[in-house]
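In what follows, chains carry the letters A, B, and so on, assigned in the order in which the sequence lines appear, proteins first and then strands, with residues in each chain numbered from 1.
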Amino acid sequence: MKAQQDQLVIYNSLKGEKEPFVPMVEGKVGMYVCGPTLYSEPHMGNMRTFINFDLIYRYLLHLGFSVKYVRNVTDAGHITNSAGQEVDSIGVAAKAEQLQSLEIVYKYAVKFQELQRVYNMLPPSIEPTATQHIQEQIEIIEQIITNGYAYEVNGSVYFDTRRYMQDYNYGILSGRKVDELENETRTLNAQDEKRFFADFALWKKANPDDMQIWRSPWGNGNPGWHIECTAMSTKYLGKQFDIHGGGMDLKFPHHEDEIAQSCGSFGCNPARYWMHANMLNVNGQKMSKSFGNYFLPKQILDGTTGLFEKSYSANVVRFFMMQAHYRSNLDFTQEALNASEKGYARLIEGFKTLENLPTTTSSFDVAALIGSFYKAMNDDFNAPILVANLFEAVKQINLVKDGNASISADDKTELKAAMEIFIHEVLGLAPENTATETRLAPVMDLVLDLRQQARTNKDWTTSDQIRDGLAKAGIVVKDGKEGTTWS
RNA sequence: GGUCUCAUGGCCGAGCGGCUAGGCACCGGUCUGCAAAACCGUCUACAGCAGUUCGAAUCUGCUUGAGACCUCCA
């Protein structure tokens, strides 16, 4: 397994190129991913990022790394809105739903947990929340002030971007130049307290109508949005760790500001590899709350998205996502979803077929095939190539089944183990739930037995009546070469 | 307005200078009482125009189109 670790290459957003992955401590990986803000239910686009990092987490685990995967939950913090004002989005949601802030957070945390389970995502090593780490945030802010990169104004604390730029490169991740930014910024409202337009809030003085407030050396207030990630990643992974991930849309300003905060307090970039997952598109445009073109993960499971005429299983949705690279945009369309549904069924069917294959000698290179699975994933987690290679395996399996190819017993065992690993463990496609089928099986055996009797007697009327009746109940009967099956 | 990214066959998507993924759909075939399913085969695309090269979907320039970020967003 060590050899496979050595070959892993990751695209580092910080450098804009792929580079060999070398963890700080051999065999161990520290990974931080920006999680959801719990002021509403996560939509499908949000899920794509988490599913992609779940894939990355799973593959790192499979390679034998000891991974500490930290994904935060934002349950407090003031963000900057379009008017340039600091806003507590959770408090706003709480007022709208006439609940307390923590009720809002809890409500959506429960839903998010449920979604993780449904989409077969491995739980992170820890899911810290911002409210549990106010003290740590305050301490880092104090350190930044001590280092001279932040200043207090009227109970609020701002990051001093101009001062910072004298010592560090603000824009190292996003490639932005601050002097250009100034001219580009469309409006500059409500920024009287800031010394410079690019300064951002580390701590914001409490408003009279804030639902959550905390004590600080600067008076009662709220942490800024960016500081929580710095506090939590530092606490659980150290001042510098291996991988920092998140959605592409967090690159600027969120991740840029995280780097500034870490450099401003500890003097180093928090992560050596920055990874950014791309967006999910609907009709060619990014799925987003503000565009209103979003649907919820549960809606696609029960067919109520209003966009597609049918429902799809979580495995199909996940498989669909795995057919696109995490750094590419992905378009959700009816036709593509249908394609994935059939392709997924074919893959699983092929894997099942492998089990009952006769063995002689191998007519194809099984070791090379398995090697291609690793090669794909080692190349910056290229899941679509992995899927293509899995289909190559399915093709060979079917050839063997039809007697047009052969496989040795040892190769069969190896291939079965490898496919099991890559389909279930790495891609995270959950084994199908057969609970209902086990109850139904004896009944179906009886029904199909009766139908077979009718068929033997050439009583097509009865035979077809049974088939049509079952079809209405959602059970499809297939008359194969070696008997009748159903699903 | 600024910065950046991307344009691949009917659809979704890999590809990162030569060996022209993969899935689905279509079409043809095998099987079958019929049907469905399954399996096999087929289909050869890289927005346009120039250029670099022995050779370009892949590199360069221009044109056109789309998107992201600059505000909260995964």
Sugar-phosphate only, base, or nothing, as touched by A:Tyr11 at under 4.0 Å among non-hydrogen atoms: nothing

Nearest-angstrom distance from the residue atom CG of A:Asn281 to P of B:A74: 16 Å

Nearest-Å distance once atom P is located in both B:G9 and B:C46: 8 Å

Touch class at under 4.0 angstrom, heavy-atom based, for A:Ala339 against every strand present: base

For atom CD of A:Gln285 and atom C1' of B:G65, their distance in whole Å: 15 Å

Touch class at under 4.0 angstrom, heavy-atom based, for A:Leu330 against every strand present: sugar-phosphate

Pairwise 5' ranking along RNA chain B for A:Ala388 and A:Glu349, keeping only the more 5' one: A:Ala388

Sugar-phosphate only, base, or nothing, as touched by A:Asn52 at under 4.0 Å among non-hydrogen atoms: nothing

N/O (side chain, A:Asn338) to phosphate O (OP1/OP2, B:C24) under 4.0 Å: no

For atom CD of A:Gln323 and atom C1' of B:G23, their distance in whole Å: 5 Å

Donor-acceptor pair present, A:Arg176 side chain and B:C69 base, under 3.5 Å: yes

Nearest-Å distance for atom pair CG/P, residues A:Asn329 and B:A74: 16 Å

Integer-rounded Å distance: B:A37 P and A:Leu448 CG: 18 Å

Partner nucleotide of B:A38 by Watson-Crick or wobble geometry (both distances under 3.5 Å): B:U30

Sugar-phosphate only, base, or nothing, as touched by A:Phe53 at under 4.0 Å among non-hydrogen atoms: nothing

Carboxylate-amine/guanidinium proximity below 4.0 Å for A:Lys375 and A:Asp379: no

Rounded distance in Å between the C1' positions of B:G23 and B:C59: 30 Å

Mate of B:C4 where both pairing distances stay under 3.5 Å, Watson-Crick or G-U: B:G67

Under 3.5 Å: donor-acceptor pair, side chain of A:Glu256, backbone of A:Lys251: no

Pi-cation contact, A:Tyr39 with A:Lys289 (under 6.0 Å, within 45°): yes

Sub-6.0 Å ring centroid separation between A:Tyr119 and A:Phe50: no

Proximal nucleotide (of B:C39, B:C12, B:G10) relative to the A:Asp331 side chain: B:C12

Of A:Asn389 and A:Met287, the one whose closest RNA chain B nucleotide lies more 5': A:Asn389

Sugar-phosphate only, base, or nothing, as touched by A:Lys342 at under 4.0 Å among non-hydrogen atoms: sugar-phosphate

Near-ring test A:Phe381/A:Tyr11, centroid separation under 6.0 angstrom: no

Whole-Å distance separating the OH atom of A:Tyr119 from the P atom of B:A74: 17 Å

pi-stack flag for A:Trp460 and B:G33, centroid dist under 5.5 Å, interplanar under 30°: yes

Short side-chain donor-acceptor distance under 3.5 Å, A:Tyr312 and A:Glu341: no

Base partner of B:C49, which must satisfy Watson-Crick or wobble distances under 3.5 Å: B:G61

Gap in Å between the two P atoms, one belonging to B:U64 and one to B:A57, rounded: 24 Å

Sugar-phosphate only, base, or nothing, as touched by A:Gly284 at under 4.0 Å among non-hydrogen atoms: sugar-phosphate

Candidate nucleotides B:A74, B:C34, B:C40, ranked by approach to the side chain of A:Lys395 - the nearest: B:C40

Gap in Å between the two P atoms, one belonging to B:C4 and one to B:A74, rounded: 26 Å

Check: A:Phe332 ring centre within less than 6.0 Å of A:Phe320 ring centre: yes

Side-chain donor/acceptor of A:Ser463 to base of B:G33, under 3.5 Å: yes

Nearest-nucleotide pick for A:Arg467, side chain only, options being B:C12, B:C34, B:A74: B:C34

Sugar-phosphate only, base, or nothing, as touched by A:His325 at under 4.0 Å among non-hydrogen atoms: sugar-phosphate

Sugar-phosphate, base or nothing in reach of A:Thr333, heavy atoms under 4.0 Å: sugar-phosphate

Expected output: side-chain A:Asn315 to main-chain A:Leu429 donor-acceptor under 3.5 Å: no

Nearest-Å distance for atom pair CE/C1', residues A:Met322 and B:C12: 15 Å

Rounded interatomic separation in angstrom, taking CG from A:Asn293 and P from B:G67: 12 Å

Check: B:C39 base within 3.5 Å donor-acceptor of A:Arg346 side chain: no

Any-strand Watson-Crick or G-U partner of B:G18, both distances under 3.5 Å: B:C54

B:C11 to B:A25 separation - C1' atoms, rounded to the nearest Å: 7 Å

Span that lies between the C1' atom of B:U58 and that of B:C6, in whole angstrom: 14 Å

Pair of N/O donor and acceptor under 3.5 Å linking B:G33 base with A:Asp459 side chain: no

Identified side-chain hydrogen bond (donor to acceptor under 3.5 Å, both in side chains) partner of A:Arg327 from the options A:Asp380, A:Asn382, A:Asn278: A:Asp380

A:Ser328 vs B:A14: side-chain N/O to OP1/OP2 distance below 4.0 Å: yes

Sugar-phosphate only, base, or nothing, as touched by A:Ala324 at under 4.0 Å among non-hydrogen atoms: sugar-phosphate

Sugar-phosphate only, base, or nothing, as touched by A:Lys401 at under 4.0 Å among non-hydrogen atoms: sugar-phosphate

P-based separation of B:A14 from B:A7 [nearest Å]: 10 Å

Between B:C27 and B:G13 - C1' atom distance, rounded Å: 22 Å

